Novice: 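Handing you a structure now.
Only a predicted model underlies this, so the values are computations on that prediction, with no experimental measurement involved.
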Amino acid sequence: MDVLDIKSVPAFVADQILSLRDFVGDRHAALTRINDERRLSWSAREKAESSLAELKRRYGKFLDITKPPASQLDEEIARHAAVVRRCDARSAELSTMWQGADRLRIALEDYVKENASALVPFEGPTPQLLDGETALVGLERVARRVRSLQADRIAILAAPFPSALAKKRVKAQLEALAAGARPDVADILDRLGEAKFATVPLQTFGDSGNHVGVNSIDVLGLLSWLFPKEFEARLAKEIDGQAEDDVALDPAQRSARLAVVDADLLTSEREEAAFAELAGQFPRADIDPRAALKLADSAPAPRRD
């Protein structure tokens, strides 16, 4: 379904999507024209080169390259080569603009489709350039700020967890393993049969190379049941040997720091989008859609992780 056919999409969002589509369409049409012009000039140059080569083959050393028709063919070759070079340069420039704008269009349309019913306009202050700052200078300034905040965000997500929390997780894991591997002695009591030990599925390869499913005694679970304290103590020792508690973050600390960075990041990306518009550009494709579409902070945040 076309995003613009969704009734809950606000008019101001639809207008921005339409403007972006127009830009993408115009650049694609221009690229098509330029590529057609290049193709014709390339073909004409090859034809002129073939004709000149035929003259050289026919007249050899007696051919005067400075006089017609050889000189005319040489000029035609140079003219068409210049057109090809001009088209290549313009095509590269337009391709970068078109591809960037199209990636932005796709990202924004996907976001709008997913969150059409929760799009509220931003009513905060309009980002302002610093005194004496041009749009391009301001854009580069906030782009540096965004990159710094993105690096901070990555560092927060990459921070280790505290050793105390890791030990709690290990204890719970071992308890679950032990509970799952506890032997069943009911058959011994009922019929003097055999104790039943928990098994885990294994995957092996048969003679023909196909997967064959087999079961094996749950050794890890059985050890957790037999030696719970010893197992936990050894794992705790491993944790202590690798822990980095001086830089560790627990889930609450991680969430709190991410909230601060994300709020600052959105503010900076609002400036980035505004200054890009002042400079006659579109923002980068992976910018927060709330910044690009001028949506409120309360609109759903994009998935960044």
Side-chain angles (χ1 to χ4, degrees), residues 2-4 15-110 129-130 132-147 150 269 271-287 289 291-293:
D2 190 316
V3 65
L4 299 183
D15 288 343
Q16 293 180 79
I17 296 293
L18 278 173
S19 295
L20 190 51
R21 285 185 180 182
D22 288 343
F23 180 88
V24 170
D26 290 346
R27 295 305 179 275
H28 187 264
L31 270 172
T32 300
R33 290 194 300 271
I34 289 171
N35 290 335
D36 287 344
E37 182 182 0
R38 184 190 188 281
R39 177 175 51 79
L40 292 174
S41 290
W42 183 277
S43 178
R45 187 185 70 175
E46 285 188 326
K47 184 177 179 181
E49 288 174 340
S50 179
S51 297
L52 183 58
E54 176 60 23
L55 286 177
K56 290 179 178 179
R57 185 191 66 78
R58 182 179 301 177
Y59 297 106
K61 63 181 181 180
F62 298 105
L63 179 66
D64 190 346
I65 196 69
T66 64
K67 294 181 180 180
S71 61
Q72 293 174 329
L73 288 170
D74 200 43
E75 291 174 0
E76 186 176 352
I77 292 169
R79 184 173 68 255
H80 287 301
V83 172
V84 169
R85 288 193 298 272
R86 176 176 58 79
C87 287
D88 284 343
R90 185 59 177 153
S91 178
E93 179 184 1
L94 282 174
S95 290
T96 300
M97 297 170 62
W98 169 65
Q99 291 171 0
D102 199 42
R103 288 195 299 271
L104 176 64
R105 177 193 64 80
I106 293 170
L108 295 184
E109 290 191 16
D110 287 346
L129 294 167
L130 300 179
E133 193 175 53
T134 66
L136 285 175
V137 172
L139 182 58
E140 178 54 33
R141 171 175 58 80
V142 295
R144 288 194 299 270
R145 174 63 174 162
V146 166
R147 290 193 293 270
Q150 289 172 333
E269 287 184 308
E271 293 182 323
E272 185 182 2
F275 298 162
E277 184 177 353
L278 286 176
Q281 302 177 12
F282 282 106
R284 55 190 165 80
D286 59 347
I287 196 170
L293 294 172

Novice: Just verifying a value: how many Å separate L130 CG and E133 CD, rounded to the nearest 0.5 Å?
Specialist: 4.0 Å
Novice: Starting at CG of L4, measure out to CG of L18 and round the result to the nearest 0.5 Å.
Specialist: 5.0 Å
Novice: Salt bridge check, E37 against R86: does any charged N sit closer than 4.0 Å to a carboxylate O?
Specialist: yes
Novice: What pairs meet the ring pair (Phe, Tyr, Trp, His ring centres under 6.0 Å) rule with one or both residues in residues 54-91, with sequence neighbours excluded?
Specialist: none
Novice: Name all residues meeting the side chain to side chain contact (heavy atoms under 4.5 Å, CB included) criterion together with D26; count only those two or more places apart in sequence or in a different chain, and write none if there are none.
Specialist: none
Novice: To the nearest 0.5 Å, what is the distance between CG on D102 and CE on M97?
Specialist: 13.0 Å
Novice: Could you check whether E140 pairs with R147 (Lys NZ or Arg NE/NH1/NH2 to Asp/Glu carboxylate O, under 4.0 Å)?
Specialist: yes
Novice: Which atom names give the shortest non-hydrogen contact between A273 and A291, and what distance separates them?
Specialist: CB-O, 3.6 Å
Novice: Is there side-chain contact between T134 and L129, with at least one heavy-atom pair below 4.5 Å?
Specialist: no
Novice: Where the side chain of S95 meets the backbone of S91, is there a donor-acceptor pair that is under 3.5 Å apart?
Specialist: yes
Novice: Using 0.5 Å steps for rounding, measure from the CD atom of Q281 to the CG atom of L136.
Specialist: 6.0 Å
Novice: Between D36 and R39, does at least one N-O distance fall below 4.0 Å, as a salt bridge requires?
Specialist: yes
Novice: Where is the tightest heavy-atom contact between L278 and A135, given as atom of each residue plus distance?
Specialist: CB-CB, 3.7 Å
Novice: Give the minimum heavy-atom separation between S41 and V83, together with the two atoms involved.
Specialist: OG-CG1, 3.0 Å
Novice: Give a yes or no on whether the backbone of L293 and the side-chain of Q16 come within a donor-acceptor separation of less than 3.5 Å.
Specialist: yes
Novice: Rounded to the nearest 0.5 Å, how far does CZ of F282 lie from CZ of R105?
Specialist: 11.5 Å
Novice: For residues A107 and A285, report the shortest heavy-atom separation together with the two atoms involved.
Specialist: CB-O, 3.7 Å
Novice: Could you tell me whether the side chain of T66 reaches within less than 4.5 Å of the side chain of S71, counting heavy atoms only?
Specialist: no
Novice: Below 4.0 angstrom, N of the basic side chain to O of the carboxylate: do E109 and R21 qualify?
Specialist: yes
Novice: Give the intermediate values and the outcome of side chain to side chain contact (heavy atoms under 4.5 Å, CB included) for residues I65 and L52.
Specialist: CA-CA 9 Å; I65 196 69; L52 183 58; 3.8 Å; yes
Novice: Working to the nearest 0.5 Å, report the span between CG of D15 and CG of L20.
Specialist: 12.5 Å
Novice: Are more than 12 heavy atoms, taken from residues, nucleotides or ligands other than E76, located less than 6.0 Å from that residue's CD atom?
Specialist: yes
Novice: Do L63 and R58 touch side chain to side chain, with heavy atoms closer than 4.5 Å?
Specialist: no
Novice: Describe, in one word, how the ring planes of H28 and W98 are oriented to each other, choosing from parallel (under 30°), tilted (30 to 60°) and perpendicular (over 60°).
Specialist: tilted
Novice: Do NZ/NE/NH1/NH2 and the carboxylate oxygens of R284 and E272 come within less than 4.0 Å?
Specialist: yes
